[in-house]
Amino acid sequence: MLKVEKLSSGYGNVQIIWDASFEVRDGEVVAILGSNGAGKTTLVRTITGMIKPRSGSVIFDGEQLAGKSSRAILDHGIVQVPEGRQLFTEMSVYENLEMGAYSKETKEKLSESLEFVYRWFPKLKERKGQAAGTLSGGEQQMVAVGRALIGLPKLLILDEPSLGLAPNIVDDILQVAHSMAKEQGISVILVEQDITKALRMADRGYVVENGRITLEGTSSELKANEHVKKAYLGI
Ligand code: ATP
């Protein structure tokens with residue numbers, strides 16, 4: 001469904017991403033792995049149109065998206081849960097979720113989508129009137145994922161969902177992402193520094209180092225890879 005070929009991008013004169021090629025198939029969970037500053041966020045922001053590519057292509061469901069606006073890319077069904085969640089902290093859980101409905105179609109389906117989100121995250125229903133900034137970190141991440149789901153994604157991009165969360169909460173969030181892919185057919189890109197957790201959930205993964213994709217494979221192949229073991233898993 002997504003085929004990225006030789007994508008390059010950066011900020012100003014500084015090139016960060018160099019010739020990145022990877023793909024995501026229908027209903028797959030694909031991990032983008034790498035350490036701090038490797039370029040993972042820059043890579044996914046280039047796919048969602050927040051950063052303009054310098055060269056390369058992003059084909060989604062047969063259409064070329066490279067160079068299109070982030071709004072146009074959102075309309076194609078690629079929805080990102082940003083790193084750090086970026087909620088409106090003064091607004092209620094419900095109001096934050098509602099912000100995920102940006103198009104005519106998503107607005108029309110809002111109440112149905114809300115029920116869907118509340119089924120996956122029952123806590124959010126209990127807390128729907130509470131200011132988002134007063135929720136726990138895990139609950140805030142649920143709101144961020146919920147808001148993305150209200151946008152009816154075909155491809156959901158999660159950027160470091162584990163950041164600052166307790167391990168059991170990370171497991172819950174990743175489990176929902178996995179279920180989205182396997183039960184709802186929503187493909188997932190999971191950007192993670194926590195490689196052990198990511199490889200437990202993902203079908204396949206790509207390792208980003210210094211802005212280049214240096215390794216790819218199924219989760220079991222990557223777990224068994226000597227470089228991954230030494231550099232990222234500490235074994
Ligand atoms: P992290 O896990 O810490 O988020 P990452 O792999 O997502 O890391 P990026 O955030 O993509 O890495 O950063 C890659 C490089 O791009 C870093 O050297 C960073 O300093 C640089 N960078 C990121 N955002 C900007 C920006 N807005 N302007 C200039 N340089 C940036």
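Everything numeric in this text was worked out from a predicted model, so none of it was measured. By convention here, the first residue in the shown sequence is residue 1. First listed ligand is number 1; within each ligand, the first listed atom is number 1. In what follows, every heavy atom counts, from backbone to side chain, and hydrogens, waters and symmetry copies are set aside.
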Donor-acceptor pairs under 3.5 Å, side chain of residues 224-231 to any protein atom, not counting sequence neighbours: which ones?
from, atom 1, to, atom 2, distance (Å)
Asn225, OD1, His227, N, 2.8
Asn225, OD1, Val228, N, 3.0
His227, NE2, Glu209, OE2, 2.8

Next on the checklist: So if I only count non-hydrogen atoms and take anything under 4.0 Å from ligand 1, which residues does that give, chain by chain?
Outcome noted: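 Under the 4.0 Å cut-off, ligand 1 touches Tyr11, Ile16, Ser35, Asn36, Gly37, Ala38, Gly39, Lys40, Thr41, Thr42, Glu83, Glu160, Gln193.
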Checklist entry - When clusters are formed from ILVMFWY side-chain contacts under 4.5 Å, directly or step by step, what else is grouped with Phe88? => result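 Its cluster partners, ordered by chain and number, are Met91, Met99.
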Checklist entry - Charged N to carboxylate O below 4.0 Å: is that the case for Glu23 and Arg25? => result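 Yes, charged N to carboxylate O under 4.0 Å.
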Checklist entry - Does the pair Glu192/Lys197 count as a salt bridge with the N-to-O cut at 4.0 Å? => result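 Between Lys197 and Glu192 there is no salt bridge, as every charged N stays at least 4.0 Å from the carboxylate O atoms.
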Next on the checklist: I'd like to check Glu221 versus Glu216 (side-chain heavy atoms, cut-off strictly below 4.5 Å). Are they in contact?
Outcome noted: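 In short, these two side chains do not touch, never coming nearer than 4.5 Å.
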Ignoring hydrogens and angles, write down the donor-acceptor pairs under 3.5 Å from the side chains of residues 48-61, residues two or more places apart or on other chains.
from, atom 1, to, atom 2, distance (Å)
Thr48, OG1, Val44, O, 3.2
Thr48, OG1, Arg45, O, 3.4
Thr48, OG1, Gln80, OE1, 3.1
Lys52, NZ, Lys68, O, 3.3
Arg54, NH2, Gly12, O, 2.6
Arg54, NH2, Val14, O, 3.4

